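Data first, discussion second: the structure below is written as structure tokens.
For the numbers below, each heavy atom of this structure counts, side chains included, while hydrogens, waters and symmetry mates do not. All values reported here derive from a predicted model rather than from experimental measurement.
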Amino acid sequence: CSIYSIEHEHVFNIKIFSHNDEKTLPVLIDSIKKQEYKKEKINISVILDNCEDNSSKILEIVGGIKVWRINSEEELKGKNGSIRWLLERIFLADNSDIYVFISPDVVIKQDFTSKLNKEMNKNEIITGMTFTKTVSSSFISQTISFKRVILSKIISAGRNIAGIANVLNEDVFAIKK
């Protein structure tokens, strides 16, 4: 006798926080659009935090993305303020049940959302770290990325051993609604 389990297919809203990332945003968005997961179950939102580059123009060309612009309201400057501002607006009006926050300087594999869907059926929150892998990644930026990963792991392990709460310092963060 075999038991079959039906996997719930979540609706993802992938949030990308961006500040002057015109070179890396199209690469990440392209990798999101190439996911094996059902396209109608993936929404992409980009929050542009006081961008001074051509990010908004590039996103207009790419298309199919919800773009949120924040322009120099003092209390909203920075990643935390911008994400708080965005969350206040989307949680009530969105049909997604999983929110994924991802850094704009990464590229995800085609099976990212399929694997995340499986894991989110078992977990409420998932965090992860990636190596920076974009078109503009040089040996130096790869080395800095590797150093950041090692330091983050050392700090997290030390805080864990000391019984101190850890800080989310990851490239990918997923949470159920």
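- Taking CD1 of I44 as the start and CD1 of I14 as the end, the distance is 6.0 Å to the nearest 0.5 Å.
- Under the side chain to side chain contact (heavy atoms under 4.5 Å, CB included) criterion, D53 pairs with N20, E22, C51, S55, sequence neighbours left out.
- For the atom pair M120 CE and L116 CG, the distance stands at 6.0 Å (nearest 0.5 Å).
- Distance check, rounded to the nearest 0.5 Å: CD1 of I108 to CD1 of I32 gives 5.0 Å.
- For K38, the salt bridge (charged side-chain N to carboxylate O under 4.0 Å, His left out) test picks out E9, with sequence neighbours left out.
- One finds the CG atom of N13 at 10.5 Å from the CD1 atom of I42 (value rounded to the nearest 0.5 Å).
- Screening I98, N43, N117 for a side chain to side chain contact (heavy atoms under 4.5 Å, CB included) involving V11 leaves a single residue, N43.
- Checked against ring pair (Phe, Tyr, Trp, His ring centres under 6.0 Å), H10 has the following partners two or more places apart in sequence or in another chain: H8.
- Counting only heavy atoms from C-beta outward, the side chains of L25 and I58 never approach each other to under 4.5 Å.
- Judged by distance alone, the side chain of D30 and the main-chain N or O of L28 form no donor-acceptor pair under 3.5 Å.
- No option in I102, I47, V46, L48 other than I47 meets the side chain to side chain contact (heavy atoms under 4.5 Å, CB included) test with F17.
- Taking the salt bridge (charged side-chain N to carboxylate O under 4.0 Å, His left out) definition, one finds that K39 meets it with nothing, sequence neighbours left out.
- Here the CZ-OG distance, from F101 to S45, works out to 9.5 Å after rounding to the nearest 0.5 Å.
- For residues 29-61, the pairs satisfying ring pair (Phe, Tyr, Trp, His ring centres under 6.0 Å) are F12-Y37, with sequence neighbours left out.
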Could you go through the side-chain contact (heavy atoms from CB on, under 4.5 Å) check for I16 and D21 one step at a time?
-> CA-CA 10 Å; I16 306 164; D21 294 299; over 6 Å; no
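- With hydrogens and angles ignored, the 3.5 Å screen pairs a side-chain donor or acceptor of Q35 with a backbone N or O of F112.
- Tracing side-chain contacts under 4.5 Å through hydrophobic residues (I, L, V, M, F, W, Y), one never reaches I29 starting from I61; they form parts of separate clusters.
- Not counting sequence neighbours, the partners of E124 by the salt bridge (charged side-chain N to carboxylate O under 4.0 Å, His left out) test are K176.
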